[in-house]
Amino acid sequence: MRDPSLLGPWIRRFLMEHLVGERNLAQNTQRSYRDTLQLLLPHIARCARKPIDRLNIMDVSADRVRQFLTDLEEKRRCAISTRNQRLAAIHALARFVGLHAAEFIDWCGQVRGVPFKKGPHALITYMEKREIDALLAAADIATAQGRRDHALLLFLYNSGARADEVAQVLVGDLTLPRVPDRDLASVLIRGKGNKPRQCPLWAQTVRELTVLVQDRGPSEHVFLNRCGWPITRFGIHTLVERYAARAAKKVPSLADKRVSPHTIRHTTATHLLRSGVDINTIRAWLGHASLTTTNVYAEVDLEIKAKALANCEVEGRRKTTPWKQDKGLMEFLRAL
């Protein structure tokens, strides 16, 4: 009979049954959990002086998990956010084991008792209107490649989608009307956990995409790389960084910002908020599961704060007559 305390079978069940079958997590999340275990297991094997295949549940003690997290920060130079991300995966594994094996409930509680580390809260980076305009204008639309790149950058700004979401968009996901300025256009975006959402498209985006996808089948990807294969999220990151460096020559303020596809996503949210779109609509637009995530844009936008402050500003003191010289008031009081 197989030893129920062996770690290997639990990890296989966790990755294949729980993450995929039960929770249906996004592929990127699955890969993140897998990568955490690929880093954790060799560390535990060295501490326990055992082959990885012979490790058992109790070898993954809370103290060894703490040592692993310390190594991440000190030896691998990982940020606190990365440390906490790795710890979240370990907590999820411990919870899965504890739910399915009562004898490991105490071990589960000890491992899940390892706390997350509080780190600095980084401000969200977004671009001002002139900066995003410079980025969109950086592509040379006189060439086929430049038109493709311009359409991709415009789509990122229009939809506020994540890089991997944009990479997965198919021609059949687009609803492109014949008259862009009159009829409603939209795109179906598959977010985290394959959760779909509809996003409206601007008339300019429709015109760019119509040319880009003409004579293409509904099952083909919208955005292709130079070799004609579907572009990856890494390719989108590289494209955005390349054009950001080019745009920074005309708008120097861009040189001080780390511009990525997610920066464009933050820019979309901030500009929607400035234009008066309510926060719940922006939440649905971006595909956030919680309104709390979207509320952060209201906190970082200095322009909105300035307008709010102006509405609350106390008016300057008016020049008034001292009460002793107010004869009308004194006469009124004496007459009472």
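Using a 4.0 Å cut-off between charged side-chain N and carboxylate O, K257 and E128 make no salt bridge. Ionic pairing of D133 and R130 is not present here: no N-O contact between side-chain nitrogen and carboxylate oxygen is shorter than 4.0 angstrom. Note on D59 versus R54: no salt bridge recorded, every NZ/NE/NH1/NH2 to OD/OE distance being 4.0 Å or above.
To the nearest 0.5 Å, atoms CD1 (I11) and CG (L55) are separated by 8.0 Å. Atom CG of L19 and atom OG1 of T29 lie 9.0 Å apart (nearest 0.5 Å). We find the CE-OG1 distance between M127 and T263 to be 6.0 Å, quoted to the nearest 0.5 Å. Rounding to the nearest 0.5 angstrom, the gap separating the CZ atom in R112 from the CG atom in L87 is 10.0 Å. Taking NZ of K117 as the start and CD1 of I80 as the end, the distance is 5.0 Å to the nearest 0.5 Å.
Residues I279 and L273 form a side-chain contact, since some pair of their non-hydrogen atoms from C-beta on lies under 4.5 Å apart. N56 is listed as a side-chain neighbour of K50, based on a closest heavy-atom distance under 4.5 Å.
For W107 (side chain) and A62 (main-chain N/O), no donor-acceptor pair under 3.5 Å exists by modelled atom type. Looking at R265, its side chain does come within 3.5 Å of a backbone N or O of G160 through a donor-acceptor pair. When atom types are taken as modelled, the side chain of H91 and the backbone of V114 share a donor-acceptor pair closer than 3.5 angstrom. For the pair R216 (side chain) and H221 (backbone), a donor-acceptor distance under 3.5 Å is present.
Using cut-offs of 30° and 60° for the angle between ring planes, the H271 and Y157 rings count as perpendicular.
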